Amino acid sequence: MNKEQISIFDIFKIGVGPSSSHTLGPWRAAQRFIQKLDQEKRLADTEAVKILLYGSLAKTGKGHGTDIAILLGLSGGDPVTFEVSRIQPTVDQIKGDCQLWLAGQYVIPFNYGGDLLFLMTESLPYHPNAVTFQAFFRDGTALSETYFSIGGGFVVQENQRAGDTEEVDLPFPVQNAKDLLMWCMRTGLKVSEVVLENEHAWRSEEETNKGILKIFHTIRDCIYRGCHTTGTLPGGLNVERRAAKLNKKLLNGRHYADFETWMYAIREGGSGFQYTLDWVSCFALAVNEENASFGRVVTAPTNGAAGVIPAVLQYFLIFCNGYNEEKIIQFIATASEIGSIFKKGSTISAAMGGCQAEIGVSSAMAAAALTECLGGSQRQVLMAAEIAMEHHLGLTCDPIGGLVQVPCIERNTMGAIKAITASQLALQSNPEKAKVSLDAVVHTMWETALDMNVKYKETSDGGLATNIPLSLPEC
């Protein structure tokens with residue numbers, strides 16, 4: 001097997017909420033199945049399609065929008081460009097008409113209750129997030145493909161494994177933190193500079209920078225939109241959005257029509273601890289309330305943890321005077337490398353590792369990025385990532401009602417604050433005296449994931465999901 005090579009744009013993907021593993025991944029799997037039918041020239045011959053969901057996709061799929069994502073993917077929609085306001089009307093039409101426009105071109109009969117099956121008691125061995133697509137053709141033959149959504153929007157087909165892709169010639173190949181530090185020490189490059197040099201193996205510097213700024217603009221728009229949208233989140237828990245109310249309170253009711261003037265108004269409010277803390281929480285809440293509402297977000301490295309890195313990045317831009325394109329690129333590049341190290345050495349899937357794999361990893365990514373942007377050394381960057389993850393080890397994933405809402409949204413505020421704290425600790429410490437390395441904590445996280453009871457891995461079979469009645473209001 002080839003060693004896995006991961007780009008910035010594998011870790012940071014533009015998509016639709018609420019879940020990278022349960023929404024974006026299945027959506028991409030559906031698109032890949034459509035591509036397979038097209039390659040086999042069987043789209044026009046297809047007379048029926050069935051979808052089988054296994055494991056965590058079955059148990060929490062409805063709460064995470066797995067069914068919605070698959071229907072949109074089979075219909076030819078793309079998560080990067082599909083108009084989010086059309087999501088629910090499109091799915092309602094499919095259910096009401098009992099028809100599916102395969103690839104947006106060929107209409108076939110489709111019964112939501114009979115053709116999309118949630119197999120609650122069945123799991124496949126490779127990964128808990130599994131989906132099988134079956135196409136039945138007019139000549140009596142059929143085609144079946146199984147895909148695994150392995151976290152962060154990454155998808156692998158059955159009998160394929162992560163890393164089984166064509167390699168490029170990277171100048172600084174990295175599989176773990178030891179490799180990364182070795183290249184940094186040998187060349188004198190910062191973590192972000194090592195990352196950006198590797199990105200040249202895939203595309204030009206101009207294309208990379210343009211892509212990173214597109215990621216930032218999506219994050220920026222998501223934060224602003226979430227801070228100015230009121231209402232109740234979908235799904236039945238009746239969770240009220242809080243970011244907009246907090247934004248309004250902190251700005252004394254003033255409204256700003258664009259991101260820049262709004263950002264400068266926040267900065268003018270000062271830098272007191274409580275004020276700063278409230279804004280970091282507000283930014284994280286805003287993103288994950290958008291995520292819970294099928295809004296457009298960026299995996300960072302997942303959707304469930306999509307608010308941590310934006311909140312810390314926004315903190316840096318506003319309260320650390322970091323608002324320039326060079327710093328934004330540096331932040332996102334550094335964060336991506338830490339995320340890739342966790343994916344290679346452990347997991348970024350809550351269905352495999354619990355919430356430590358999502359909030360924990362995102363907090364480590366944000367801590368590292370903030371540390372480099374604040375002038376920390378390469379060793380301090382890795383130390384910050386280690387500290388952040390060390391204090392998320394064992395965090396379970398137990399979403400109430402299978403929704404990415406409680407406790408998921410608030411956990412993003414906690415992950416962001418821990419990232420900032422971890423960064424400050426690393427900046428004030430001598431990393432040469434650290435007792436725990438980043439590689440050690442990555443390995444420990446994986447061991448913890450293996451030991452963790454399956455009911456705490458995004459199944460809603462344990463923890464808060466079974467102890468909080470759905471009728472109770474959120475505190």
Side-chain angles (χ1 to χ4, degrees), residues 8-9 11-20 24 152-153 211-229 241-244 246-247 250 259-260 262-263 266-267 276-293 295-320 322-323 325 327-336 338-339 348 358-373 388 404 408-420 422-423:
I8 291 171
F9 305 110
I11 294 294
F12 292 100
K13 305 182 185 77
I14 298 171
V16 172
S19 171
S20 51
L24 180 59
I212 292 174
L213 292 176
K214 183 178 180 181
I215 293 293
F216 168 68
H217 293 151
T218 304
I219 289 173
R220 175 199 66 187
D221 294 346
C222 183
I223 293 174
Y224 184 82
R225 192 168 57 246
C227 282
H228 295 84
T229 303
R241 283 179 178 253
R242 285 181 283 178
L246 182 53
N247 171 71
L250 292 172
F259 179 84
E260 276 73 21
W262 173 66
M263 189 182 72
I266 295 171
R267 182 178 295 160
T276 304
L277 189 68
D278 283 342
W279 274 117
V280 172
S281 294
C282 186
F283 302 146
L285 290 173
V287 171
N288 282 83
E289 287 170 356
E290 282 295 293
N291 181 65
S293 302
R296 178 144 286 117
V297 298
V298 174
T299 63
T302 67
N303 281 27
V308 175
I309 289 170
V312 177
L313 174 57
Q314 188 78 336
Y315 160 81
F316 173 70
L317 301 182
I318 293 176
F319 297 105
C320 304
Y323 191 35
E325 289 187 354
K327 284 293 186 180
I328 291 167
I329 291 168
Q330 182 183 5
F331 190 104
I332 290 176
T334 304
S336 74
I338 301 303
I348 58 171
E358 297 203 22
I359 295 295
V361 173
S362 63
S363 186
M365 293 166 65
L370 180 62
T371 301
E372 179 170 303
C373 287
V404 192
C408 319
I409 294 173
E410 287 182 354
R411 280 186 179 171
N412 280 262
T413 71
M414 301 296 107
I417 298 302
K418 283 187 180 182
I420 295 170
S423 176

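Predicted, not measured: the structure shown is a model, and the values here were computed from it. Residues take their numbers from the sequence shown, with the count starting at 1.
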**Student:** Mind checking whether Cys320 and Tyr315 have side chains closer than 4.5 Å, heavy atoms only?
**Tutor:**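 Heavy-atom side-chain distance check passes, below 4.5 Å.
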**Student:** Side chains of Trp279 and Asn247: donor-acceptor distance under 3.5 Å anywhere?
**Tutor:**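 No, because no side-chain N or O of Trp279 sits under 3.5 Å from a partner of the opposite role on Asn247.
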**Student:** Is there a side-chain contact between Gln314 and Arg220, using heavy atoms and a 4.5 Å cut-off?
**Tutor:**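 Heavy-atom side-chain distance check fails, nothing below 4.5 Å.
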**Student:** Please find the pair of heavy atoms, one from Leu246 and one from Cys282, that lie closest to each other, and give the distance.
**Tutor:**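 Answer, listing the atom of Leu246 first, then Cys282: CD2-CB, 3.6 Å.
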**Student:** Are side-chain heavy atoms of Val404 and Asn303 found at a separation under 4.5 Å?
**Tutor:**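 Counting from C-beta outward, Val404 and Asn303 never come under 4.5 Å.
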**Student:** Under 4.5 Å between any side-chain heavy atoms of Thr229 and Glu289, yes or no?
**Tutor:**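 No, their side chains stay 4.5 Å or more apart.
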**Student:** Give a yes or no on this: more than 12 heavy atoms of other residues, nucleotides or ligands lie within 6.0 Å of atom CD of Glu325.
**Tutor:**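 No, the 6.0 Å shell around CD holds no more than 12 heavy atoms from other groups.
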**Student:** So, for Cys373 and Phe316, which heavy atoms are closest and what is the spacing to 0.1 Å?
**Tutor:**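 Heavy atoms of Cys373 and Phe316 come nearest at CB-CZ, 3.6 Å.
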**Student:** Less than 4.0 angstrom from a charged side-chain N to a carboxylate O is my criterion; do Glu410 and Arg242 meet it?
**Tutor:**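 Yes.
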**Student:** Ser423 and Thr371: side-chain donor and acceptor closer than 3.5 Å?
**Tutor:**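 Looking only at side-chain atoms, Thr371 and Ser423 do form a donor-acceptor pair, the distance falling under 3.5 Å.
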**Student:** Does the side chain of Glu372 come within less than 4.5 Å of Lys327's, by heavy atoms?
**Tutor:**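 No, every pair of side-chain atoms sits at 4.5 Å or beyond.
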**Student:** Consider only side-chain N and O atoms of Arg241 and Ser293, and report whether a donor and an acceptor are under 3.5 Å apart.
**Tutor:**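 Distance-only check passes for Arg241 and Ser293.
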**Student:** Classify the ring geometry of Phe259 against Phe216: parallel below 30°, tilted from 30° to 60°, perpendicular beyond 60°.
**Tutor:**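 Perpendicular, since the angle between the ring planes exceeds 60°.
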**Student:** Is the closest side-chain heavy-atom distance between Ile223 and Trp262 below 4.5 Å?
**Tutor:**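 Ile223 reaches Trp262 side chain to side chain.
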**Student:** Going by heavy atoms in the side chains, are Phe331 and Val312 under 4.5 Å from each other?
**Tutor:**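 Result yes, sub-4.5 Å side-chain heavy-atom pair found.
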